[in-house]
Asker: 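I'd like to ask some things about the structure below.
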Amino acid sequence: MIINPVIKGVVARSAHPIGCREAVKQQITYCQSAPQIHDGPKRALILGASSGFGLASRISLTFGGSRTKTLGVSFERGPSDKGVGSAGWYNNIYFKQEAEKNGLKAVNLIGDAFSPKMREQVIRTIKEEFDGQVDLIIYSLASGVRPNLQTGEFWHSAIKPIGNAINGLTLNLEHEELTETSLSPASDQEVHDTIKVMGGEDWEEWITLLNNAGVLAEGCKTIAYSYIGPKSTYPIYHLGTLGQAKLDLHNKADLIHQKLQDIKGEAHVAVCKALVTKASVFIPGFSPYLLALFKVMKTMGLHEGCIEQAQRLFNSKLYTTSGEAVIDENRLIRLDDWELRDDVQRAVTELMANITPDNFKQLGDFDGYQEDFLKLNGFGFDSIDYGQDISMAFMESLKP
Ligand code: NAI
Ligand code: NA
């Protein structure tokens with residue numbers, strides 16, 4: 001069959017396997033030529049390994065200087081009568097192929113990271129295939145739901161402001177339109193549930209469980225990803241439900257950090273740059289900011305994608321010659337340092353004030369945003385022949 005991009009709203013309903021391989025390969029090539037990671041971890045567990053920041057972290061660790069063996073957990077779909085499967089499914093497969101070609105172990109576990117079954121499977125796999133311990137755990141899950149294991153019900157996140165309603169423009173990728181959205185403030189329940197889904201509770205549970213199982217090596221580090229952003233996005237992000245969840249994540253980092261003292265471990269939060277990922281395109285009212293930010297940072301030669309951020313995290317912030325992570329006064333690692341530069345934000349604010357549904361393609365970096373979104377799903381690579389026939393048998397022969 002010929003595989004074309006299918007987009008519904010802001011969700012990709014198809015993915016190109018060969019294009020996903022190309023996306024993985026390009027990220028590998030970047031890491032091999034970038035400043036290398038010194039004294040990185042030997043073995044890492046990545047929760048949320050198949051796309052966005054988690055995948056970039058995995059690629060950076062394996063190919064960016066430290067030759068890390070990785071265990072990746074993700075929730076992805078393979079090919080079936082419903083479709084070709086998800087991009088993350090193929091990213092896992094091709095990452096593993098490339099790692100193994102380089103003589104490095106890579107194991108993929110597909111399933112629900114919130115489930116007790118997956119936790120047991122991870123512990124068993126570390127014991128059986130990673131000499132019993134890991135040196136780093138990346139927590140990079142992005143999900144809209146989390147099961148409440150006590151009740152069997154689900155918490156759902158709601159991306160909303162707190163206190164006052166806000167109006168904002170949201171990019172619809174399917175129709176290539178910037179449309180006016182109005183967001184009512186979250187209820188207390190919605191705030192609570194979003195913290196449950198995107199806060200730090202599950203991270204803390206994971207680390208406690210792994211520590212109790214004895215599978216964390218002495219000096220083990222763990223890191224989760226956060227976002228703060230500039231004042232212009234505070235109403236929808238930092239002071240909204242997501243911001244509350246991130247605040248909880250930051251607090252849990254301190255708690256986990258304390259708990260890991262017995263093994264001389266460390267827990268950190270890396271505050272990242274705003275980027276186009278499967279998860280971020282869902283944030284209503286956020287797209288004009290991304291369109292302006294990309295335009296400005298590219299013009300200034302400061303733009304980074306997930307892979308550049310991951311490599312910079314490991315080569316200059318987490319693994320340093322002094323052995324100490326580079327943190328701010330709140331113990332946060334700042335990868336949003338370039339995004340938040342005064343000159344960048346001044347230009348972004350000016351540009352955003354002028355972006356309208358009529359001119360966003362010209363004024364903002366619409367092409368860059370769209371290209372990133374397509375590439376997340378294996379589309380838009382010049383080197384790939386998208387007219388080629390891809391058989392179901394071929395796709396089914398690929399195993400994670
Ligand atoms: P993503 O959607 O690209 O990746 C999410 C990963 O989580 C995927 O590997 C997915 O398979 C996995 N996952 C989701 N639910 C799962 C489940 N139940 N069980 C197992 N795996 C599951 O998202 P992205 O953007 O990379 O987000 C990762 C983290 O980075 C999040 O905490 C996000 O808030 C943070 N971040 C993202 C920024 C952005 O602009 N995209 C900026 C700063 C932080
Ligand atoms: Na991720």
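Note that the structure is predicted; figures quoted are calculated from it, not measured. Ligands are counted one by one from 1 in listed order, and the atoms in each one are counted from 1 as well.
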Asker: Can you check whether S226 has an N/O within less than 3.5 Å of an N/O in ligand 1?
Answerer: no
Asker: Can E205 and R119 be counted as an ion pair, charged N to O under 4.0 angstrom?
Answerer: yes
Asker: Test of understanding: given a 4.0 Å heavy-atom threshold, classify the contact between K273 and ligand 1 as side chain, backbone, both, or neither.
Answerer: backbone
Asker: Of G54, S140, S280, A224, which has the heavy atom at the shortest distance from atom 6 (C) of ligand 1?
Answerer: S140
Asker: Please determine if D337 and K317 form a salt bridge, counting it only when a charged side-chain N lies under 4.0 Å from a carboxylate O.
Answerer: yes
Asker: Measuring from atom 1 (P) of ligand 1, which candidate in S51, G52, A49, G88 has the nearest non-hydrogen atom?
Answerer: S51
Asker: In terms of the angle between their ring planes, are F95 and F63 parallel, tilted or perpendicular, with boundaries placed at 30° and 60°?
Answerer: perpendicular
Asker: As a check for students: among Y225, F114, W203, identify the option with a heavy atom nearest to atom 35 (C) of ligand 1.
Answerer: Y225
Asker: Going by heavy-atom distance to atom 14 (C) of ligand 1, choose the closest among A87, G111, A142, G48.
Answerer: A142
Asker: With a 4.0 Å cut-off on heavy atoms, does S115 reach ligand 1?
Answerer: no
Asker: Taking only heavy atoms of A274, which atoms of ligand 1 are found under 4.0 Å from at least one of them?
Answerer: 40 (O)
Asker: Going through the checks in order, is the side chain to side chain contact (heavy atoms under 4.5 Å, CB included) test met by Q345 and L293?
Answerer: CA-CA 8 Å; Q345 285 305 321; L293 181 73; 4.2 Å; yes
Asker: I want to know whether Y369 and F366 have ring centres closer than 6.0 Å.
Answerer: no
Asker: If we only count heavy atoms from C-beta on, is the H16 to E22 side-chain gap below 4.5 Å?
Answerer: no
Asker: Do E304 and R312 meet the salt-bridge criterion of a basic N to acidic O distance under 4.0 Å?
Answerer: yes
Asker: Which ligand 1 atoms, with their elements, are less than 4.0 angstrom from a heavy-atom of K278?
Answerer: 2 (O)
Asker: If you measure from each heavy atom of K246 to ligand 1, is any distance below 4.0 Å?
Answerer: yes
Asker: Should you measure from each heavy atom of E76, which atoms of ligand 1 turn up under 4.0 Å away?
Answerer: 10 (C), 11 (O)
Asker: Please list, in number order, the atoms of ligand 1 under 4.0 Å from a heavy atom of C272.
Answerer: 43 (C)
Asker: Identify the heavy atoms of L178 and L169 that sit nearest to each other, and give their distance.
Answerer: CG-CB, 3.8 Å
Asker: Are the charged groups of K375 and E371 less than 4.0 angstrom apart, N to O?
Answerer: yes
Asker: Please determine whether the number of non-hydrogen atoms from other residues, nucleotides or ligands lying under 6.0 Å from atom NZ of K69 exceeds 12.
Answerer: no
Asker: Nearest non-hydrogen atom to atom 18 (N) of ligand 1 belongs to which of D112, V197, D202?
Answerer: D112
Asker: Could you list which atoms of ligand 1 come closer than 4.0 Å to a heavy atom of S143?
Answerer: 15 (N)
Asker: Going by heavy atoms, is M118 under 4.0 Å from ligand 1?
Answerer: no
Asker: Between the candidates Y237, F75, W89, which shows the shortest non-hydrogen contact distance to atom 16 (C) of ligand 1?
Answerer: F75
Asker: Once you round to the nearest 0.5 Å, how far does CD1 of I59 lie from CD1 of I307?
Answerer: 5.0 Å
Asker: Ligand 1 and A113, any nitrogen or oxygen pair closer than 3.5 angstrom?
Answerer: yes
Asker: Looking at A279, which atoms of ligand 1 are within less than 4.0 Å of one of its heavy atoms?
Answerer: 2 (O), 23 (O), 25 (O)
Asker: Compute the ring centroids of F286 and Y227, then answer whether they are less than 6.0 Å apart.
Answerer: yes
Asker: For S50 and ligand 1, does the shortest N/O to N/O distance drop below 3.5 Å?
Answerer: yes
